[in-house]
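Taking it in order: structure first as structure tokens, then the write-up.
Numbers restart at 1 for each chain; the letters A, B, ... are given by sequence-line order, proteins then strands.
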Amino acid sequence: MNYWLFKTEPDVFGIEDLAACPQQTARWDEIRNFQARNYLRDRVRTGDRVLIYHSSCKDVGIAGIAEVVSDPYADPSQFDPQHTLFDARATPGAPRWFCVDVRLLQRFARVLPLKELKREPALAEMVLLRQGRLSVQPVRPQEWEILLSMAD
DNA sequence: GCCAACGTTGGC
DNA sequence: GCCAACGTTGGC
């Protein structure tokens, strides 16, 4: 079982939107970055745990945790000519982009601010703090534990 | 809205 | 394959 951090813009789809979905479950799709795609396709599996991270918004930080409830499958949006993320180079036999389904496990009482993560020495090696612009990224088990204790 | 960082594209 | 130009992400 692996740990991940998924970024989302809450103005588009945030943790409150996930909470409002049937079974608090939604498709995590529209990933169009190769590094993120490779993690999704090759490493993310049913049962993995995910930090839901809110970006480009007022309260930037970790909003809660979710569980991956499907193995990766072809992101349907790549095949839809009406979709802004339609990819003419993708076919059902050779999809280029992938998604998974996630189910909300816990919405934190408060969004754990990015500012606090930056202050915590034990989190200095987090991918989130080391590399920008990666919407699906691995989280180390020890980082996961620290983050959950910080959220209490 | 600014702008730094970084990914992608395309000419050569 | 290099690298400049361009586009996007994302914090502030």
Review point. To the nearest Å, how far apart are Arg32(A) CZ and dT9(C) C1'?
Key: 16 Å
Check your understanding: In terms of side-chain geometry, is the basic nitrogen of Glu145(A) or Arg140(A) positioned less than 4.0 Å from the acidic oxygen of its partner?
Key -> no
Practice item. Would you please confirm or rule out a distance under 4.0 Å between OP1 or OP2 of dC6(B) and any side-chain N or O of Gln35(A)? Key: no
Review point. Is there a residue in residues 48-66 of chain A whose heavy atoms reach under 4.0 Å of DNA chain C, and which residues are they?
Key: Tyr53(A), Ser55(A), Ser56(A), Val60(A)
Exercise for review: Kindly point out which of dT8(C), dG11(C), dT8(B) is positioned nearest to the side chain of Asn33(A)?
Suggested key: dT8(B)
Point to revise | Asp75(A) bridged to Arg32(A) by N-O distance under 4.0 Å | key: yes
Check your understanding: Which part of the nucleic acid, if any, lies within contact of Glu9(A), taking any heavy atom under 4.0 Å across all strands shown: a base, the sugar-phosphate backbone alone, or nothing?
Key -> nothing
Check your understanding: Going hydrophobic residue to hydrophobic residue with side-chain gaps under 4.5 angstrom, can you get from Phe6(A) over to Leu134(A)?
Key -> yes
Study note, to complete from the structure: Residues in residues 79-88 of chain A with a heavy atom under 4.0 Å of DNA chain C, by number, are none
Exercise for review: Output yes when a side-chain donor or acceptor of Asp48(A) lies under 3.5 Å from a complementary backbone atom of Tyr3(A), and no otherwise.
Suggested key: no
Check your understanding: dC12(C), dT8(B), dT9(C): which one has an atom nearest the side-chain heavy atoms of Lys118(A)?
Key -> dC12(C)
Check your understanding: So, is Lys7(A) close to the dT9(C) phosphate, meaning a side-chain N or O under 4.0 Å from OP1 or OP2?
Key -> no
Review point. Taking atom P of dG7(B) as reference, at what distance in whole Å does atom CD1 of Ile31(A) sit?
Key: 15 Å
Point to revise | Listed once per pair and sorted, the ring pair (Phe, Tyr, Trp, His ring centres under 6.0 Å) pairs that draw on residues 32-52 of chain A, sequence neighbours left out | key: Trp4(A)-Tyr39(A), Phe34(A)-Trp97(A)
Point to revise | Distance, rounded to the nearest Å, where Arg133(A) contributes CZ and dG11(C) contributes P | key: 12 Å
Study note, to complete from the structure: Test side-chain contact (heavy atoms from CB on, under 4.5 Å), reference Glu143(A), set Leu128(A), Leu148(A), Leu123(A), output is Leu123(A)
